[in-house]
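Input: a single structure, listed below in structure tokens.
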Amino acid sequence: MDLLGFYPLFYVPHFGSAWLMGLTGAIHIMASHTSVGAALLFAFLAYKAQKENRTDLYDYMKRYGMFLLIFSYVIGSITGPGIWYTATAASPRGISALIHNFVWVWATEWVFFVYEVLGVFALIYFIDKIDRKTHLKLTYTFAIASVGTLALIIGIISFMMWPGTEAYYTTGSASDAFFGINTFPHMFLRIGFMIMMSGIIGMIISSAMRKENKELSEELTQKMGWVSLLGGFVTVFFFMWYVNTLPLNAHTLLGMQKDAIVMNRIILAILFSIYFSIAIIKPQWVTRTLAITMMLVIGIVGVWPGEKLRETMRKPWVAGQYVYSDQIIGRDVPGKGIKEETSRLAEKGLLKLDPWIPDRLRTITPENKLEVGKLLTRIACSNCHSLEKDGLYRPLMPLAGPMGEEGIKDYMKNVIGTGSIPYMPKISLPDEEYDAMAAYIASQAK
Amino acid sequence: MDATFINAMKDAAGVPFYPVVFQGLYVLTWALHAAFVLLALGSMGLSIYGSTRQKSDPYWKILTPHLIMTGKISISVLIVLGVAPLLFTQVIYDSGWYVANTLSGAWVFIFIYALIIGYTMYYWYQYANKKGSSSNTLIGIVSFAILVFCGVLMHNFAVEAISPTQWMDWYAPNGVVDNSGWNIHIDLIRLGFMVSLMIPVTGIFMQNYSRFLSTRQDFEPKYLEFVKNLGTKMAVIGLIISAALFAVWMLKENLLLHPLSLATVASVVILLMLAISNKNSYLTTGVLVIVALLISGVRELIRYNIMSGIGYDLYGYHMNLEWETIAMFLLTFVVLGFTGIAFILTMAWKVGKTEGVYTATEGSAVSRLANTSLAIFVLWIVVYFGWGMVALFKNTL
């Protein structure tokens, strides 16, 4: 029996399963980036505290550390595997491709994670219990371990966008897949953001200390303003380099939204430059409420659209430009012995090749045509589109509805079926499967 | 469900190393993960009892916050340790893992957010207990219930992953596809056995706690005696309950007389004797680790039997050897991991044994481990960038 390695489909009406992954991812980015940034900040503060004999800086580190435990080591360490879990439910073959290419990289990252988790408890709870020199060494190793986690994950998430060069496809090597032209700019862009986040969170902590120690609170708010400004500058600088290392399909999508993106980034840059300048010039103006509000602003207006954009720019692929967002393998990877699946699907169809189609739906009849159409549409389209009229995730029905049944079929066969749209997967299917899908979509779009 | 179906789901990229190695790593890391799951649940459960006693009992007043702290750190450790078996299972049993996740996609999402809420509430519980709030017990109970619920969900994923003959019925009952991801399936005996282990694990932990602090002058010997006796009682009663549930589970799986089950039973008997005598709790802990590895091995045996029974060819998985990244992992794991963890644990040991501030003098184990760890970390970063640049130059110039 000829079958392709598909998995059952998990579908969330209105939102789309990928949206769940995006939400978890955006939360994780805030928490994990703060964690790495804070680790670098701690190394700086511990150095300063030891050199200048500043015991008050240890108090600040302890407070910051307690916040970090919840923000990064509860929320961050759960949403980390959380992205993985939700990605598995939404795109099992996409995540499987990453796992099977990079398992040893992930396992290496795990070693760093274990060190980080044990290290953060030691770093915070041993502040008053070990000599300062040893504590300083601990903060240094903790900082490098945190940067190490970024260094290891960055090649994988860059590969999700594309391998960066053609070498991977011929060698199949994880090293060639990992170190693409996109990897280092992406890494430094994130380091910048991490430093900025550590400053933004640092201001929440320093502003909360005002009642007990006004002078220290303002000194630290000022320092955090500088840290954030530096981080922001690094982010913007490397963002420009990063954009130039993106693949063609990403540029096509980026071009479609360029004006809105540029405007959003300019507004954010101005807003946060003003905020950081206030922290430097008038630290007393930075209250805890303002600091928390600005953290939420960066999350909702900065990170969430940024991640959505990154996800959009990857289309039609989800991994290494060989796994399509609809879970079909769209190109050969000779180095790994991977064969593309679109031609087999064009010949035999999803109904024959997907092992998860119930037997009673494998043959289309007038009675089951709409039911088959619904299932095929979910399999082929739901990773990128809500299938309800009022869906929130690039709803399909308002886009397809005006075409009518024949128009939909024609579009699917001659546009999507030939892979003519750079940001949509090539979905070549037998005529009767297009018929069923078109009938279903038209019936729903009415 | 047949062999073609299940083998078709193997990833097209193949596995990057011998499947048996992933199997071994899975057994090892799952045992470590499970140990902290059990310690977290046990110490948390006991702390809730302690929170009701601490106002009238001075010993519980000391023990309860320590148990809460143990639970707090254990949850973090169990999460991070849980990443490794999760990784290795996806490499060699990808079909089981991904099918379970898609069949229960809605529960996957709930699991993540329930865990965040449960663990955050745990911090609240610690804070409320520290402040002497009257609602601390209630907060603890809610947090505990949520975390147990997360454990049940995780158990559900494991059960679904090893039930290939039922996958199609669960996905499309009576031929009607259900994409909602609301599947949940529990194996009560297996779950009961796993949960019961939290009692002996916590009992042996308390024996260790008592022994470790016995060198400290600031802990009253009577208090340590109280903790030791409580630990012994929990270890003994817990081991008897767990052994009975294990036997029922093995009977149900038709594995009661399998050498691995028998070895587990024999190890549990030795563990029981060591726990009763409590002459050296560190030795007892060593045997506990062996028992954990055996239980992990039994789980793997069950899975292997089920999957190979329907034709899944694990050892015939297409292989693409990845020497560069495996070298990176092995060197990082052995050199950096062992040295780094040894540094933190040695430091923690010394801090725990010291009243006041611990100073690592030049040449002491902690000082040498700190310097070596730092040097290895720096070297690792240098090698990483060097490797990256060579790979990039090779592929772009």
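In what follows, every chain begins at residue 1, and chains take the letters A, B, ... in the order their sequences are listed.
Summarising the geometry of A/Ser158 relative to A/Thr183, their closest heavy-atom pair is OG-CA, 3.6 Å, with the distance given to 0.1 Å.
Only the backbone of A/Ile357 comes within contact range of chain B, with at least one heavy atom under 4.5 Å from a heavy atom of that chain. Heavy-atom distances place both the backbone and the side chain of A/Tyr115 under 4.5 Å from chain B. Both the backbone and the side chain of A/Asp176 come within less than 4.5 Å of a heavy atom of chain B. Within the 4.5 angstrom heavy-atom criterion, atoms from both the backbone and the side chain of A/Ile181 approach chain B. Neither the backbone nor the side chain of A/Val333 has a heavy atom closer than 4.5 Å to any heavy atom of chain B.
Contacts from residues 348-355 of chain B to chain A, taken as heavy-atom pairs separated by less than 4.5 Å, involve B/Ala348, B/Val351 in sequence order.
Among residues two or more places apart in sequence or in another chain, the ring-ring contact (aromatic ring centres under 6.0 Å, His included) test is passed with B/His318 by none. For A/Val111, the side chain to side chain contact (heavy atoms under 4.5 Å, CB included) partners at least two apart in sequence or on another chain are B/Phe329, B/Thr332, B/Phe333, B/Leu336. Scanning for side chain to side chain donor-acceptor pair (under 3.5 Å) contacts around B/Thr89 gives B/Arg303, with sequence neighbours left out.
In the model, B/Asn183 has no side-chain atom that pairs as donor or acceptor with a side-chain atom of B/Tyr171 under 3.5 Å. Checking A/Thr24 against A/His28 by side-chain atom types alone, no donor-acceptor pair falls below 3.5 Å.
Between A/Phe112 and B/Trp380, the distance separating the two ring centers is shorter than 6.0 angstrom.
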